[in-house]
Amino acid sequence: MRVVFAGTPEPAVASLRRLLDSPDHEVVGVITRPDAESGRGRKVVRSPVGTLADEAGIEVITPRRLSEPEAVATLTGWAPDCCAVVAYGALVPKALLDLPRHGWINLHFSLLPAWRGAAPVQAAIAAGDEITGASTFQIEVGLDTGPVFGTLTERIRPTDTSGDLLERLAEHGSHLLISTLDGIERGELVGVPQPPDGVSLAPKVDVADARVRWDRPAHIVDRQIRSATPAPGSWTELGEVRLKIGPVTMTDDEPLPAGALAVSKKSVLVGTGTAPVRLSTVQPPGKKPMGAADWARGAHLESGAVLS
């Protein structure tokens with residue numbers, strides 16, 4: 001089957017690599033988001049998907065919108081049987097949905113209809129879900145509403161960050177995507193409409209959402225920080241200094257006021273709405289992440305300081 005692949009970040013790379021290795025499918029083109037500035041030097045870099053496609057000698061386009069005439073002409077010229085989508089990061093115009101004879105098949109990192117939207121993995125961790133998964137479905141005009149071809153389940157571990165969980169889902173999901181394309185090509189798979197019950201939404205998590213609320217219960221603080229790690233990154237403030245915070249460990253210690261620090265030689269505790277949590281890493285502006293005790297020692301902090 002002639003396949004066009006649309007994807008952008010690292011979690012989409014496993015699926016593209018598996019497609020490139022498949023003897024039954026030919027990747028005839030790749031669509032990814034435009035090159036963007038990255039890092040402290042703000043250098044313009046290719047997306048991870050674009051980089052892999054370049055290495056494989058596959059033609060790549062980077063339209064700002066798929067509706068651009070040049071993008072439509074290129075996509076039409078590729079004459080795909082199917083378009084496979086993994087974390088592409090932009091909407092597919094209605095006019096293009098019927099261009100491939102098998103449509104656009106999306107690998108989404110949740111068990112639909114749960115967590116439709118841009119941040120399903122972050123939402124599942126923040127909500128305290130014990131089980132999540134991935135789904136392949138037919139893209140239609142609605143947001144992640146199309147009929148589902150296949151699913152897989154994945155247990156959320158107590159210490160999972162969104163990065164940890166997404167890495168596993170990306171790898172396992174790549175197998176699901178290939179098996180879905182195989183089944184569609186053989187005429188063995190038919191999409192099943194999503195049920196009307198159990199719908200939940202997972203909008204994009206922005207920087208403001210990732211600010212830690214120390215007045216919440218410890219288990220909610222733990223989930224919030226893990227869900228925003230590594231991106232966009234949980235943060236708090238000490239005075240006017242913004243600090244990036246790594247995952248925490250819950251404790252049974254005596255309560256502290258919300259945000260108040262208890263500093264010792266080996267650890268730093270922070271008060272929450274219930275029991276304190278133990279900080280793992282702290283990243284001050286312009287520096288690399290460091291152990292919390294090392295950070296407190298270098299900043300000459302004492303117990304009683306308060307994170308806002």
Side-chain angles (χ1 to χ4, degrees), residues 1-36 46-109 112 134-150 170 173-193:
M1 185 158 60
R2 292 173 60 84
V3 178
V4 166
F5 185 85
T8 300
E10 188 63 36
V13 168
S15 289
L16 175 56
R17 182 175 289 114
R18 201 160 297 282
L19 260 177
L20 291 170
D21 292 340
S22 171
D24 300 317
H25 306 293
E26 178 189 3
V27 179
V28 296
V30 165
I31 309 169
T32 191
R33 300 296 291 154
D35 299 353
R46 191 73 135 171
S47 75
V49 163
T51 299
L52 177 58
D54 291 339
E55 293 171 353
I58 305 297
E59 185 179 359
V60 179
I61 60 172
T62 59
R64 295 193 178 280
R65 293 180 178 83
L66 277 176
S67 57
E68 294 174 4
E70 289 185 3
V72 173
T74 300
L75 184 57
T76 302
W78 282 337
D81 297 311
C82 181
C83 292
V85 183
V86 184
Y88 170 49
L91 296 176
V92 180
K94 181 180 180 181
L96 293 179
L97 290 178
D98 294 330
L99 177 63
R101 63 189 179 95
H102 292 303
W104 298 67
I105 308 301
N106 195 109
L107 171 64
H108 183 76
F109 298 120
L112 292 171
S135 308
T136 48
F137 73 96
Q138 187 102 38
I139 293 179
E140 56 182 28
V141 175
L143 177 64
D144 301 336
T145 57
V148 173
F149 291 101
S174 68
H175 295 274
L176 174 63
L177 178 62
I178 297 299
S179 65
T180 296
L181 297 181
D182 290 344
I184 290 173
E185 184 180 34
R186 293 193 297 262
E188 298 172 354
L189 276 182
V190 176
V192 177

For Asp24, give me all partners under salt bridge (charged side-chain N to carboxylate O under 4.0 Å, His left out), at least two apart in sequence or on another chain. none
When you measure from the side chain of Arg33 to the backbone of Arg64, do you find a donor-acceptor pair of N or O atoms at a distance under 3.5 Å? yes
Closest heavy-atom contact between His102 and Gln138? O-NE2, 3.0 Å
Between Trp104 and Leu75 the two heavy atoms that sit nearest each other are CZ2-CD2, 3.7 Å
Residue pair Leu112 / Phe137: nearest heavy atoms and the distance that separates them: CD1-CD2, 3.5 Å
To the nearest 0.5 Å, tell me how far Ser135 OG sits from Asp144 CG. 9.5 Å
Tell me if the CG atom of Leu143 is crowded by more than 12 foreign heavy atoms within 6.0 Å. yes
What residues, two or more places apart in sequence or in another chain, satisfy salt bridge (charged side-chain N to carboxylate O under 4.0 Å, His left out) together with Arg65? none
Whether the side chain of Ser67 engages the backbone of Pro93 through a donor-acceptor N/O pair (distance < 3.5 Å, no angle test) should be reported. no
For residues 11-21, which side-chain N or O atoms pair as donor and acceptor with protein atoms under 3.5 Å away, sequence neighbours left out?
| residue | atom | partner | partner atom | Å |
| --- | --- | --- | --- | --- |
| Arg18 | NE | Ser174 | OG | 2.9 |
| Arg18 | NH2 | Glu171 | OE2 | 2.8 |
| Arg18 | NH2 | His175 | NE2 | 3.4 |

Identify, with sequence neighbours excluded, every residue that meets salt bridge (charged side-chain N to carboxylate O under 4.0 Å, His left out) alongside Arg2. Glu26
Taking every heavy atom of Val86 against every heavy atom of Phe109, the minimum-distance pair comes out as CG1-CZ, 4.1 Å
Partners meeting side-chain contact (heavy atoms from CB on, under 4.5 Å) with Pro63 (sequence neighbours left out): Ile31, Ile61, Leu66, Glu68, Ala71, Tyr88
Quick check: do Val4 and Pro100 have side-chain heavy atoms less than 4.5 Å from each other? no
Apply salt bridge (charged side-chain N to carboxylate O under 4.0 Å, His left out) to Glu188 and list each qualifying residue two or more places apart in sequence or on a separate chain. Arg186
Is a side-chain donor or acceptor of Thr136 paired with a backbone partner of Gly150 at a separation under 3.5 angstrom? yes
Using 0.5 Å steps for rounding, measure from the CZ atom of Phe5 to the CG atom of Leu52. 9.0 Å
Restricting to non-hydrogen atoms, name the atom on Thr32 and the atom on Gly7 that form the minimum distance, rounded to 0.1 Å. OG1-O, 2.8 Å
Please find the pair of heavy atoms, one from His25 and one from Ile178, that lie closest to each other, and give the distance. NE2-O, 4.4 Å
Nearest 0.5 angstrom please: Ile105 CD1 to Ile184 CD1, how far? 4.0 Å
